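What you see is a predicted model; the values in this text were computed from it and never measured. All values below were derived from every heavy atom in this structure, side-chain atoms included, with hydrogens, water molecules and symmetry-related copies excluded. Counting begins at 1 with the first residue of the sequence.
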Amino acid sequence: MSIWSKVITALRGSANEAGEAFADAQALKILDQEVRDATEELKNSKDDLTEKMARQKVAEQKCAALASQITEFEDYAIQALEKKDETLALELAEKVAELEKQLNIEQNSCDDYTNSADSLRHAIALADQNIKHLKQQVETVKATESVQRAQAAVTEQHSDSASKLAKAMDSLERIKEKQ
């Protein structure tokens with residue numbers, strides 16, 4: 001039983017190493033895709049912000065309309081009281097109370113949209129800044145990798161050249177010895 005668990009553990013370790021090696025070999029491609037995914041999510045967040053701002057605007061317009069209606073019905077109620085029509089004034093007062101309740105609900109909704117939009121704006125600004133920084137870092141990594149590949153090519157070329165020079169020197173020494 002113990003041997004089988006060690007074999008399984010070894011296989012899992014080998015699979016993990018293979019996965020890490022593959023991920024390391026594809027690191028720049030993976031990083032580029034992750035940046036693209038983050039950029040797409042940022043775009044979606046901006047779309048969500050636009051929608052929240054539109055809903056906020058609609059809620060603000062409803063609040064303004066309700067406030068206007070409240071003022072209008074209050075004026076009618078005052079006029080009814082001035083004419084000693086208490087029944088009409090009471091009906092208008094009830095209508096004002098109902099409109100104030102609706103205004104309170106709409107105002108809460110408007111405040112929620114405002115807070116949500118502000119929070120989303122802040123998150124978008126932070127994400128945008130992070131993506132820009134990440135893109136700069138990716139460009140730096142790509143440039144470094146390019147320089148390292150160029151240096152490796154030069155080093156390989158130099159070692160090939162040194163190897164050929166050493167072979168030529170050996171050949172020259174053999175020729176000199178024969179002479």
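At most 12 non-hydrogen atoms from other residues, nucleotides or ligands lie less than 6.0 angstrom from CD of E86.
With hydrogens and angles left out, the side-chain atoms of D111 and Q107 include a donor and acceptor closer than 3.5 Å.
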* Asked: For N104 and E100, what are the C-alpha separation, side-chain angles and deciding distance, and is it a side-chain hydrogen bond (donor to acceptor under 3.5 Å, both in side chains)?
  -> CA-CA 6 Å; N104 191 25; E100 284 177 343; over 6 Å; no
* To do: Let me see the working for L134 and E34 under side chain to side chain contact (heavy atoms under 4.5 Å, CB included), right down to the final yes or no.
  => CA-CA 10 Å; L134 185 59; E34 289 172 341; over 6 Å; no
* Report the C-alpha separation of K95 and E91 in whole Å, then their side-chain angles, then the decisive distance to 0.1 Å, and conclude whether the side chain to side chain contact (heavy atoms under 4.5 Å, CB included) test is met. => CA-CA 6 Å; K95 182 69 175 171; E91 288 177 18; over 6 Å; no
* Go through the steps for K46 and T50 under the test side chain to side chain contact (heavy atoms under 4.5 Å, CB included), then give the verdict. => CA-CA 6 Å; K46 287 179 180 179; T50 302; 5.5 Å; no
* Criterion side chain to side chain contact (heavy atoms under 4.5 Å, CB included) on H133 and Q129, from CA distance to verdict -> CA-CA 6 Å; H133 180 69; Q129 189 177 32; 5.9 Å; no
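No side-chain donor-acceptor contact under 3.5 Å links S119 to the backbone of N115.
R55 and D112 are not joined by a salt bridge, as no carboxylate oxygen comes within less than 4.0 angstrom of a charged side-chain nitrogen. In summary, D128 and K132 engage in a salt bridge, as defined by a charged side-chain N under 4.0 Å from a carboxylate O. Here R121 pairs with D118 in a salt bridge; the nearest charged N to carboxylate O distance falls below 4.0 Å.
Considering L92, L88, L81 in turn, L92 is the only one that fulfils the side chain to side chain contact (heavy atoms under 4.5 Å, CB included) rule with Y76. For the side chain to side chain contact (heavy atoms under 4.5 Å, CB included) test with V58, the passing option among Q56, E60, K62 is K62; the others fail.
We find the CG-CG distance between L49 and N44 to be 12.5 Å, quoted to the nearest 0.5 Å.
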